**Student:** 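Dumping the structure here so I can ask a few things about it.
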Amino acid sequence: MIVTRFAPSPTGYLHLGHAYAAITAHDTARESGGCFLLRIEDIDASRCRPEFARAIHEDLAWLGLEWTEPALRQSERFEAYRSALSRLQDQGLLYPCFCTRAEIAYEIARAAEAPHGPEGPVYPGTCRNLNDGEGKRRIGAGAPFAMRLDVQRASATAGQLSFQELGGAPVGEVGHVAVHPLLFGDIVVARKETPASYHLSVVVDDAFQGVTRVTRGNDLFSATHVQRLLQAVLGLPEPEYAHHRLVLDSNGKKLSKRDRALTLRSLRESGVTPQEIRERILAPSRN
Ligand code: GLU
């Protein structure tokens, strides 16, 4: 049975791009007699708002999508993230990182050759070699710290990995894609202000919810490399992936939550019907 999910963050109103992702996940499950789930990715308390979470439910219902209740809220899942973190810690794969953004930028600027990932230069590993005593001393003194995954070590533990890609629009990669775990450097798995991170919570919850096929926009294709690594070192099952194209604006740019005119809310208020939304985003010629 195919189990899919739609996993928005309630940091703004849903737009056409979200509608495309939600409809893709919904229809993939429904066409195969599977199950479509909803997950509210609200670990970042400073950016998420309850009214946006309510609006997600309303907008999806308006689109005519039905998901298996209840929706999972990540803000209620910190216990599970903590236990995943201790599994990583027990394997010696984590280290505390005390760097500020400014310090990281300085280190990168100073380096002769800073490795770059899909989102720019990657963390230069400044705190990776802090000795244990120094780390403990700083923590004891109350210094704020994030936890990072030692990706090289995690990768050595996991061995060569791949993931099964059924979509693959961004680079035309379909089938078994070899994992490049160093793509993002040593990723944060627990932030200074939040005891989890996007990558960690996604893999823990995809497994918890029994998601068998992750359908999502191809802007997250490269994130799959590190998420697959996390699954392997956490001993979690491996879902299939189907990354899909993005809905673009009239300038060919990815829609963002700041594009108010294309929120489902404003389209609805201007008289657009759910059927027209479907036609608009599914028409192959549009994007
Ligand atoms: N919460 C993420 C977003 O809104 C999506 C996570 C995912 O599909 O893996 O972009």
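Read the numbers this way: they start at 1 and go in the same order the structure lists the ligands and their atoms. It should be emphasised that the depicted structure is a prediction, and the values quoted were computed from it without experimental measurement.
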**Student:** Just list the N/O pairs, ligand 1 to protein, that are under 3.5 Å apart, with the distance for each.
**Tutor:**
residue  : atom  : partner : partner atom : Å
ligand 1 : 1 (N) : A7      : O            : 2.8
ligand 1 : 1 (N) : S9      : OG           : 3.3
ligand 1 : 1 (N) : E41     : OE1          : 2.6
ligand 1 : 8 (O) : R5      : NH1          : 2.6
ligand 1 : 9 (O) : R5      : NH2          : 3.1
ligand 1 : 9 (O) : Y198    : OH           : 3.0
ligand 1 : 9 (O) : R216    : NH1          : 2.8

**Student:** Is a side-chain N or O of E76 found less than 3.5 angstrom from the main chain of L72, in a donor-acceptor match?
**Tutor:**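 A pair under 3.5 Å: no.
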
**Student:** Relative to F208, does R77 satisfy both conditions: NZ or CZ under 6.0 angstrom from the six-membered ring centre, and within 45 degrees of the ring's axis?
**Tutor:**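 The answer is yes; both the distance and angle limits are met.
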
**Student:** Under the salt bridge (Lys or Arg N to Asp or Glu O under 4.0 Å) test, which residues partner D186, sequence neighbours left out?
**Tutor:**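 With sequence neighbours excluded, D186 shows a salt bridge (Lys or Arg N to Asp or Glu O under 4.0 Å) to R128, given in chain and number order.
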
**Student:** Short question: side chain of S86, backbone of Q89 - any donor-acceptor pair under 3.5 Å?
**Tutor:**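 No: the side chain of S86 does not pair with the backbone of Q89.
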
**Student:** Go through the side-chain N and O atoms of T224 and R216 and say whether any donor and acceptor fall under 3.5 Å apart.
**Tutor:**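 Side-chain D/A pair, T224 to R216: present.
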
**Student:** Could you tell me if R228 sits above the aromatic ring of F163, with its cationic atom closer than 6.0 Å to the ring centre and no more than 45 degrees from the axis?
**Tutor:**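 R228 over F163 ring: no.
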
